[in-house]
There are 2 protein chains.
Amino acid sequence: MPEEDSARGRFGKMYHEIRMRICLLDYPPGTRLSEEAMAREFGVSRTPLRRVLGRLEAEGLLQSVHGVGTLVTDVEIEELIQVYRLRTELAELAGLLDPVPPDAKLIASLDGLVARAKALVARPDPRGFAQLNIDFFEAHMALTANEPLREISRRLYYQTHRIWLKSVTSRRIDLVEEVQVFDREVEDYVRALRIGDLEAAAHVHRAHISMSFTRMRKNAA
Amino acid sequence: MPEEDSARGRFGKMYHEIRMRICLLDYPPGTRLSEEAMAREFGVSRTPLRRVLGRLEAEGLLQSVHGVGTLVTDVEIEELIQVYRLRTELAELAGLLDPVPPDAKLIASLDGLVARAKALVARPDPRGFAQLNIDFFEAHMALTANEPLREISRRLYYQTHRIWLKSVTSRRIDLVEEVQVFDREVEDYVRALRIGDLEAAAHVHRAHISMSFTRMRKNAA
DNA sequence: CTGCATGATGTTGTATACAACATGATCAAG
DNA sequence: CTTGATCATGTTGTATACAACATCATGCAG
């Protein structure tokens with residue numbers, strides 16, 4: 001997949017880079033970004049950069065305020081309850097709607113994720129955990145060929161990823177315990193997929209989302 | 001709800017206007033729009049207009065091609081199968097996720113829709129039908145307080161609305177019959193809502209989407 | 001007549017200057 | 001000292017000129 005040097009290609013590069021920075025808390029919630037500085041960094045003018053920021057604003061990760069700045073949106077758990085409830089339902093759909101039988105390549109990549117989870121249990125690390133979680137989610141999205149469902153699930157995922165990561169880093173949730181839970185989930189997930197039971201895998205994922213949310217709410221107070 | 005004369009207000013006006021034109025086939029699929037002409041019409045420069053077009057492109061209603069133009073996307077039923085399947089599932093969710101008990105005002109507005117449906121049965125009209133369908137959908141969205149679900153459902157609805165309307169106008173589907181079916185559905189829907197059974201109403205809507213899609217596919221060949 | 005090169009034309013993409021706006025510092029009046 | 005107005009500063013929003021690109025007509029060579 002060669003990153004073409006077209007307008008679309010440049011857009012995609014900036015989009016993914018900035019989204020990753022927001023989601024990995026390199027730009028923590030409340031950060032005021034400077035359009036000019038970012039444009040300089042990416043070697044473009046404000047115009048194409050603003051296109052990227054506009055998209056991220058539409059997706060709820062940024063908010064531009066005239067005369068003030070471009071702010072990274074805050075993540076309040078009470079406001080994300082609805083998003084979580086919806087994600088829970090959509091996770092199940094991924095196994096039912098236009099299911100894609102997992103091929104050897106997908107299984108192999110999932111084995112790679114299991115290995116990384118094991119390594120993480122041995123040496124926990126918030127950032128590595130976050131990246132692994134993202135990769136696992138993307139693998140889950142390969143289960144359905146329903147492109148609209150993929151796009152929507154992805155969008156909701158990136159909206160909630162930050163608050164989860166914040167809970168982990170701020171020690172409101174115990175990192176070690178969370179890593180162990182995640183490790184078990186990935187194993188169950190792969191086990192279901194290995195026998196071709198997409199629906200079961202989706203249910204495992206659904207349960208994971210639901211429980212993860214419950215643990216967060218419990219420890220938020 | 002006063003339409004404020006801020007940047008956000010102007011954006012909203014242009015966005016809704018253009019989206020409506022696309023969805024009512026004032027801009028038929030394949031139409032090549034001129035940014036400059038539209039900017040003149042709305043009394044702004046290309047810059048803020050392009051923001052609107054960018055959003056509509058992200059939602060799959062437009063496609064900008066460098067050096068060619070801004071094209072209204074084509075609607076192919078085979079490509080929208082996935083969208084329809086997803087919409088079917090989401091329609092059911094609207095009655096389950098964060099349900100809002102219908103108040104007198106909502107019931108009254110639904111009665112208004114029923115009256116319009118009756119009038120439409122007496123004198124069928126594609127454009128009035130399309131507008132009524134949109135208004136009915138928006139009323140349905142009032143059933144859930146889950147804002148992400150509303151936004152997503154709305155987006156998918158506007159993606160598929162055109163192909164439905166096209167089927168009606170091109171007489172691939174009989175307008176009179178479709179109006180009668182719609183009239184019955186609205187009545188069933190209101191009946192369920194009147195006794196406070198949101199879930200039943202959602203199921204009625206779900207069945208409507210599913211059957212509407214089936215009729216279209218049958219008559220497409 | 002055919003085929004291809006070439007340029008005219010119109011489009012979207014980008015850079016840049018400026019307008020509109022919010023915010024905090026500064027300073028004077030009380 | 002407090003308080004209010006005023007302005008300097010920095011930000012996003014907008015307008016405009018130009019670059020990059022695709023398309024089609026034109027004309028010339030074969």
Side-chain angles (χ1 to χ4, degrees), chain A residues 1-19 21-22 26-74, chain B residues 1-19 21-22 26-74:
Chain A
M1 190 163 56
E3 294 273 346
E4 47 182 344
D5 184 29
S6 62
R8 221 184 310 276
R10 289 189 293 273
F11 175 92
K13 272 187 203 168
M14 289 191 283
Y15 172 82
H16 285 102
E17 176 62 30
I18 297 173
R19 187 180 69 177
R21 289 181 189 179
I22 294 172
D26 292 333
Y27 296 150
T31 305
R32 214 186 58 191
L33 303 173
S34 165
E35 291 186 353
E36 203 158 351
M38 293 183 80
R40 267 200 311 271
E41 183 197 333
F42 287 105
V44 297
S45 79
R46 279 179 59 210
T47 309
L49 176 70
R50 276 173 64 75
R51 207 190 249 245
V52 175
L53 299 183
R55 183 79 131 252
L56 290 167
E57 182 173 11
E59 292 173 359
L61 299 180
L62 290 179
Q63 185 185 11
S64 289
V65 184
H66 190 180
V68 178
T70 302
L71 310 170
V72 178
T73 55
D74 212 348
Chain B
M1 190 163 54
E3 293 272 345
E4 49 181 342
D5 184 29
S6 62
R8 219 183 308 275
R10 288 190 294 272
F11 175 92
K13 271 187 204 171
M14 289 191 283
Y15 171 82
H16 285 103
E17 176 61 30
I18 297 173
R19 187 179 69 176
R21 289 181 189 178
I22 295 172
D26 293 333
Y27 296 150
T31 304
R32 214 186 59 192
L33 302 173
S34 164
E35 292 186 353
E36 202 159 353
M38 295 183 78
R40 267 200 310 271
E41 182 197 333
F42 287 106
V44 297
S45 78
R46 281 179 58 212
T47 309
L49 176 71
R50 276 172 66 74
R51 219 172 149 137
V52 175
L53 299 182
R55 183 78 132 256
L56 290 167
E57 182 173 11
E59 292 173 359
L61 298 181
L62 291 178
Q63 184 185 11
S64 289
V65 184
H66 191 180
V68 178
T70 302
L71 310 170
V72 179
T73 56
D74 212 347

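No experiment lies behind these values; they were computed from the predicted model shown. Lettering follows sequence order; numbering is per chain, from 1.
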> Near DNA chain C, which residues from residues 51-65 of chain A have a heavy atom under 4.0 Å away?
Replying inline: A:R51
> So, do A:I18 and A:L49 sit near enough that their side-chain heavy atoms are less than 4.5 Å apart?
Replying inline: yes
>> Below 4.0 Å from chain A heavy atoms, what is the first contacting nucleotide of DNA chain D and what is the last?
In response: D:dG10 to D:dT14
> What residues form a side-chain hydrogen bond (donor to acceptor under 3.5 Å, both in side chains) with B:R21, not counting sequence neighbours?
Replying inline: B:E17, B:Y27, B:E41
> How would you list all residue pairs meeting side chain to side chain donor-acceptor pair (under 3.5 Å) that involve residues 51-62 of chain B, not counting sequence neighbours?
Replying inline: B:Y15-B:E59
> A:D74 and A:P29: which non-hydrogen atoms are nearest, and at how many Å?
Replying inline: OD1-CB, 3.5 Å
> Sequence neighbours excluded, which residues qualify as side-chain hydrogen bond (donor to acceptor under 3.5 Å, both in side chains) partners of B:R46?
Replying inline: B:E35
>> Between B:S64 (side chain only) and B:T70 (backbone N and O only), is there a donor and an acceptor less than 3.5 Å apart?
In response: no
> Between the side chain of A:T31 and the main-chain N/O of A:V72, is any donor-acceptor distance below 3.5 Å?
Replying inline: no
> Is there a side chain to side chain contact (heavy atoms under 4.5 Å, CB included) between A:V52 and A:F42 once you walk through the steps?
Replying inline: CA-CA 12 Å; A:V52 175; A:F42 287 105; over 6 Å; no
> Starting at the 5' end of DNA chain D and moving along, which residue's nearest nucleotide shows up first, A:G69 or A:T47?
Replying inline: A:G69
> Where along residues 26-43 of chain A does a heavy atom fall under 4.0 Å from DNA chain C?
Replying inline: none
> For DNA chain D, whose closest nucleotide is more 5', that of B:S6 or that of B:H66?
Replying inline: B:S6
> Measuring from B:L62:CG to B:T73:OG1, what's the distance to the nearest 0.5 Å?
Replying inline: 6.5 Å
> Could you give the distance from OG (B:S45) to CD (B:E36), rounded to the nearest 0.5 Å?
Replying inline: 10.5 Å
>> Base, sugar-phosphate or nothing for A:R8? Non-hydrogen atoms, less than 4.0 Å.
In response: nothing
